[in-house]
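So you know, we letter chains A, B, ... as the sequences are listed, proteins then strands, and number each from 1.
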Amino acid sequence: MTAPQASDTTNRTRMERYDAASIEPRWQARWNELGLYRTDLHDDSRPKFFLLTMYPYPSGDLHIGHWYIKSPTDAIARYRRMHGYNVFFPIGFDAFGLPAENAAIKNRINPRDWTMRNIEHERVQLRSMGASFDWESEVVTCDPAFYRWNQWFFLQFLKAGLAYRAVSPVDWCPNDGTLAREQVEGVDRRCWRCGAKVEKRDLAQWYLRVTKYADELLDFTGLDWPEPIKTMQTNWIGRSEGGEVEFRSAPAAHHAGGEPIRVFTTRPDTLFGATFMVLAPEHPLVATLTAPEHKAEVEAYVAKARAATEIERLSTDREKTGVAIGAEAINPVNDERIPIFIADYVLAGYGTGAIMAVPAHDERDFAFAKQFGLPIRRVVAEPGDEPQELGDAAYVAHGAGERLVNSGRFSGMPADQAGKAIVAWLGEQGRGKPAVTYRLRDWLISRQRYWGTPIPVIYCDTHGIVPVPDEELPVRLPDTVDYRGSGENPLARDESFLNVTCPIGGEPARRETDTMDTFIDSAWYWYRYLSPEKAGAALDVKLAEAWTPVDQYTGGAEHAVMHLLYAREFTRMMRDCGILDQDEPFKRLFNQGQILGTDGERMSKSRGNVRDPDDLVRTYGADTIRLFLMFMGPWDQGGPWSESGIGGVHKFLGRVWALAMDPHRVEPGDPLGGRLPAGQDAAAAEAAIRRVAHQTLRDVTADYEAFRFNTMVAKLMELANALFRYRGTEVAGGPAWDEALRLMLLMLAPAAPHVTEELWSRRAAAAGRSWSSIHLESWPEVDVAAASEATREVPVQVNGKLRDRIVVPTEVDAATLERMALEAPRIREILAGRTPLKIIQAGGGRLVNVVVRE
RNA sequence: GCCGGAGUGGCGAAAUGGCAUACGCAAUCGACUCAAAAUCGAUCGAGGGCAACCUCAUGUGGGUUCGAAUCCCACCUCCGGCACCA
């Protein structure tokens, strides 16, 4: 793609061509100088509009995908301002995280230096878009002035019992220390850096008790969010209703028995079909219940399970494995003794970590039973399909209208009632109760990493876990960091960071070296935008009450069950700590699609398919890129990057420029140039111009409202094409033309802010008016009368097939329309004297369909 | 496997029960030019016909309807998420 240049000498002398490079930096500087996008948060004379777009991670270079999110979002900001809203449109940087650390280890520099240098560059890139961010509200999360409030929130949560510490397994490399899950490679689980075998290690970790909000988070009432996101969150939270049933261990040579073993089931109706029990390898009773002769085998299996990743353990196609522990459980519904196994398909972290296995009615239990030759007993059947004998060895999918069989006193009961009945019956004996379980886990926030917010606690041998006192916040990251070329957390051997005295008794004590998950930062960052400099509190409650929840949030759907869920959880934790009385952070959410590389893969530096916007800016200018990204297709769609159409959009801006700057020119190649369309006098031409301009305004307004930017641009192109037809004619430059051009610039201003500002200022100068920014103008009103037409065309169908079009007066009545349709020559011909069975007028007379017998 | 989303010209796409293919790209032709580029104009789903027009076409197969790209049923393909959650 070569740069369009004004190379024609004749044209250059005639007219100055559209040249973005000479326009855009000038206006960006001017807007900045005037503080045009600085929001007065205390101005309550206008309705507020908090427009938030997901802040970028400063990885070094923004790519075209970032522009795809931010260009239309900026258009929304500008459109809202033109409607009289006090728009707050801030930006910041999600500055903590692993890539900074990896780059730092590789290049032997401080993650801070790497991050701040990238932010510097990205600020320049973002400014080159001409986006109307309020830069004075900028938030950078690696700034101690920001992350000290992460620490403060954490301590509030600790006080409220919402943060707690527990032991859990993490991935651990013998050479490089702790690893993130994505740094463990291959099925044999090797370290990405040194290739050593990775194992699981139990570490004490900090959690936030977000499962407390599971039910609340399922309620999306009042939220205007995309359905797919709500579905994903709902599935992620994964509420299951059923019962918790207490089995007992049976007495055995090595064990007295009577130990309660609780299981969770969604199918209590199948309790009589339980033929064995499975515990998770990590289940606390495994050690107690295992018979001495099974000990070696059981311990070996537990060790093996620990070496496997979650993904491996949970992969569906894997063959079932497990071992018997040499003990039995007693089924409370029939006092049957069933063998106990451990198997890694049962997860310690879900339900009670133990299941009753009903192979006849559960696919996984069925597979396990087949593998180990265990009995399979059907206890639910459709009438007429009852099993002939107990050992009927088949898995039966759940169906409607089933009744219980082989289930003692419950046999014959409809399956959909039996579950509740059995749980109630067990409940009377204290052996069971209704229960709800969630897939959602508490949020593990500990990271064994340097580049994050230090968790503000101290471990003292005398006083245990001691919170860092508020007045000692922030706990700062040390400025010097020595990685020794390894991934191990350098904080863990930084003696000056590590060694402290206990805030309670003054004894020597040690600091927590784990840092927080960076999703903590993004779980509340938008509140900080409102008062980024505030020293005494995390947020300004008055401003937060006035400005939040966020009115519109834009960003990618890849955050569906992470950031977007964490933010909802965090807001509720803030609420429960009495910090801000708010449940939901984002009223309205829009997920734009994702721009992929030309290869159809996700854009990433390692794939080498990243499109850098900077040289596109140099070639075409920001306005063209912004407009092209909006024109490509529906905003929520995205797709592989292709710039083959960008020239067309650039040409369109050139045509708008020509209409404004040189209305009287007739292009030498235009055979109709300079003459009005046949049969149109000047008055008719002016009416036609006003009609198309106001119709466009009507349609474009609706498109902006619905974020349909692609059709918005198409309609402006049509308007430009329509005006071009009148270029060089006697009406060019006249009042109707002038009005149409004014509307064109106003409609285009949110999308292409620079060229419209330039043409706006030139119009003011030409008219002898003083300049005032187009971005301070109000959105124009549609002149309904001007947009209306005297006649309209109505398609006439016969049996649903288009056969003719007739021109009728706009306000024609139904009877007249029907008569005119039947009288149309082609329709008469096709009807050939047949009497219509029915005549349908659709959409209030927009279309006529004549139905006849074929 | 389960849950979402999507399949329309050579390409990006428009139309969400009523004129299929708006707008743009590419392509072809023409004007301007010594020439090229830029610019301007025209043509542009497939097949048939001298033509007016006709037939076919929105992933595939059925259905509902006067009328279906649009709604329903079954299937195919692609993309995203979850992935032994008892």
Open item on the list: Salt bridge or not between A:Glu246 and A:Arg262? Use side-chain N to carboxylate O under 4.0 Å.
Closed with: no

Task: Euclidean distance for P, B:U33 against B:C25 (whole angstrom) - done: 25 Å

- [ ] Examine A:Trp635 together with A:Phe590 and report whether their ring centres are nearer than 6.0 Å.
- [x] yes

Task: Residues that A:Lys230 engages under salt bridge (Lys or Arg N to Asp or Glu O under 4.0 Å), provided they are two or more places apart - done: A:Glu227

Open item on the list: What contact category does A:Arg803 fall into here, base, sugar-phosphate, or nothing, at under 4.0 angstrom with non-hydrogen atoms?
Closed with: sugar-phosphate

- [ ] Flag the pair A:Arg267 and A:Asp362 as a salt bridge only when some basic side-chain nitrogen lies within less than 4.0 angstrom of an acidic carboxylate oxygen.
- [x] no

Open item on the list: Quick test of your reading: applying side-chain hydrogen bond (donor to acceptor under 3.5 Å, both in side chains), list the pairs with at least one residue in residues 793-803 of chain A, sequence neighbours left out, ordered by first then second residue.
Closed with: A:Asn799-A:Glu854

- [ ] Report yes if at least one side-chain N or O of A:Arg439 is closer than 4.0 Å to OP1 or OP2 of B:A83; otherwise report no.
- [x] yes

Open item on the list: In this structure, how many angstroms lie between the P atom of B:C66 and the CD1 atom of A:Ile830, rounded?
Closed with: 21 Å

- [ ] Would you please enumerate the stems RNA chain B participates in, each stem being three or more consecutive Watson-Crick or G-U wobble pairs with both distances under 3.5 Å?
- [x] B:1-7 with B:76-82, B:10-12 with B:23-25, B:27-31 with B:39-43, B:45-48 with B:53-56, B:59-63 with B:71-75

Open item on the list: Run the side-chain hydrogen bond (donor to acceptor under 3.5 Å, both in side chains) test against A:Tyr207 and tell me which residues pass, sequence neighbours left out.
Closed with: A:Ser168

TODO: Mind calculating the distance between CG (A:Asp804) and C1' (B:A52) to the nearest angstrom?
DONE: 12 Å

- [ ] Check whether the side chains of A:Tyr726 and A:Gln680 place a donor and an acceptor atom closer than 3.5 Å, and report yes or no.
- [x] yes

Task: Below 4.0 Å: OP1/OP2 of B:G67 and any side-chain N or O of A:Arg846 - done: no

TODO: Calculate the interatomic distance between A:Leu596 atom CG and B:C78 atom C1'; express it in whole Å.
DONE: 12 Å

Task: NZ/NE/NH1/NH2 to OD/OE distance under 4.0 Å, A:Asp804 and A:Arg826 - done: no

Open item on the list: For RNA chain B, which residues of residues 239-247 of chain A approach it to below 4.0 angstrom with any heavy atom?
Closed with: A:Ser240

Open item on the list: Both A:Glu793 and A:Tyr438 contact RNA chain B. Which one's nearest nucleotide lies toward the 5' end?
Closed with: A:Glu793

Task: Atom P, compared across B:C75 and B:C2: separation rounded to whole Å - done: 10 Å

- [ ] Could you measure between the two C1' atoms, the one in B:G9 and the one in B:G17, and give it in whole Å?
- [x] 24 Å

Open item on the list: Suppose we call two aromatic rings close when their centres sit under 6.0 Å apart. Are A:Phe341 and A:Phe372 close by that rule?
Closed with: yes

Open item on the list: Can you measure A:Asn799 atom CG to B:G18 atom C1' for me and round it to whole angstrom units?
Closed with: 15 Å

- [ ] Tell me what A:Phe724 touches on the nucleic acid: a base, only sugar-phosphate, or nothing, going by heavy atoms under 4.0 Å.
- [x] sugar-phosphate

TODO: State, without any angle test, whether A:Gln592 and A:Gln637 hold a side-chain donor-acceptor pair at a distance under 3.5 Å.
DONE: no

- [ ] List in chain and number order the residues that pass side-chain hydrogen bond (donor to acceptor under 3.5 Å, both in side chains) with A:Asp699, two or more places apart in sequence or in another chain; answer none if no residue qualifies.
- [x] none

Open item on the list: In this structure, how many angstroms lie between the C1' atom of B:A68 and the CG atom of A:Leu802, rounded?
Closed with: 16 Å

- [ ] Would you mind telling me which residue lines up with the more 5' stretch of RNA chain B, A:Lys838 or A:Lys801, judged by nearest nucleotide?
- [x] A:Lys801

Task: Check: A:Tyr566 ring centroid to A:His559 ring centroid under 6.0 Å - done: no

TODO: May I have the distance from A:Asp703 (atom CG) to B:U16 (atom C1'), rounded to whole angstrom?
DONE: 15 Å

TODO: Only counting residues at least two apart or in another chain, list the ones meeting salt bridge (Lys or Arg N to Asp or Glu O under 4.0 Å) with A:Arg439.
DONE: none

- [ ] In whole angstrom, give me the gap between the C1' atoms of B:A38 and B:U55.
- [x] 43 Å

Task: side-chain hydrogen bond (donor to acceptor under 3.5 Å, both in side chains) against A:Ser22, all qualifying residues, sequence neighbours excluded - done: A:Asp19

Task: Atom P, compared across B:G63 and B:A46: separation rounded to whole Å - done: 30 Å

Task: Gap in Å between the two P atoms, one belonging to B:C73 and one to B:G4, rounded - done: 12 Å

- [ ] Would you mind telling me which of B:U39, B:A14, B:A86 lies closest to the side-chain atoms of A:Glu667?
- [x] B:U39

- [ ] Indicate whether OP1 or OP2 belonging to B:C40 is found under 4.0 Å from a side-chain N or O atom of A:Arg727.
- [x] no

Open item on the list: Using OP1 and OP2 only, check whether a side-chain N or O of A:Lys651 sits under 4.0 Å from B:C25.
Closed with: yes

TODO: For A:Ile839 and B:G67, give me the distance from atom CD1 to atom P, rounded to whole Å.
DONE: 16 Å

Open item on the list: Tell me every residue that passes salt bridge (Lys or Arg N to Asp or Glu O under 4.0 Å) with A:Arg655, counting only those two or more places apart in sequence or in another chain.
Closed with: none

- [ ] Using whole Å, report how far CD of A:Gln797 lies from P of B:C66.
- [x] 14 Å

TODO: Taking syn as within 90° of 0 and anti otherwise, name the glycosidic form of B:G24.
DONE: anti

Open item on the list: Classify A:Arg655 by what it touches in the nucleic acid, base, sugar-phosphate, or nothing, heavy-atom distance under 4.0 Å.
Closed with: sugar-phosphate

- [ ] Could you work out the separation of B:G18 and B:A74 based on their P atoms and round it to a whole Å?
- [x] 25 Å

- [ ] Examine A:Arg441 relative to A:Trp236 and say whether NZ or CZ is less than 6.0 Å from the centre of the six-membered ring and inside a 45° cone about the ring axis.
- [x] no

TODO: Apply side-chain hydrogen bond (donor to acceptor under 3.5 Å, both in side chains) to A:Asn235 and list each qualifying residue two or more places apart in sequence or on a separate chain.
DONE: none

TODO: Check whether any side-chain nitrogen or oxygen of A:Arg17 sits under 4.0 Å from OP1 or OP2 of B:U39, and answer yes or no.
DONE: no

Open item on the list: Over all strands shown, is A:Asp636 touching base, sugar-phosphate only, or nothing at heavy-atom distances under 4.0 angstrom?
Closed with: nothing

Open item on the list: Please list, in numerical order, the residues of residues 715-722 of chain A that have a heavy atom closer than 4.0 Å to any atom of RNA chain B.
Closed with: A:Met717, A:Glu718, A:Asn721

TODO: Considering only atom C1', compute the distance from B:A27 to B:C11 and round it to an integer number of Å.
DONE: 11 Å

- [ ] Sugar-phosphate means primed atoms, P, OP1 and OP2; the rest is base. With that split, encode nucleotides 3-12 of chain B 5' to 3' as B, S or - using protein heavy atoms under 4.0 Å.
- [x] SS-------B

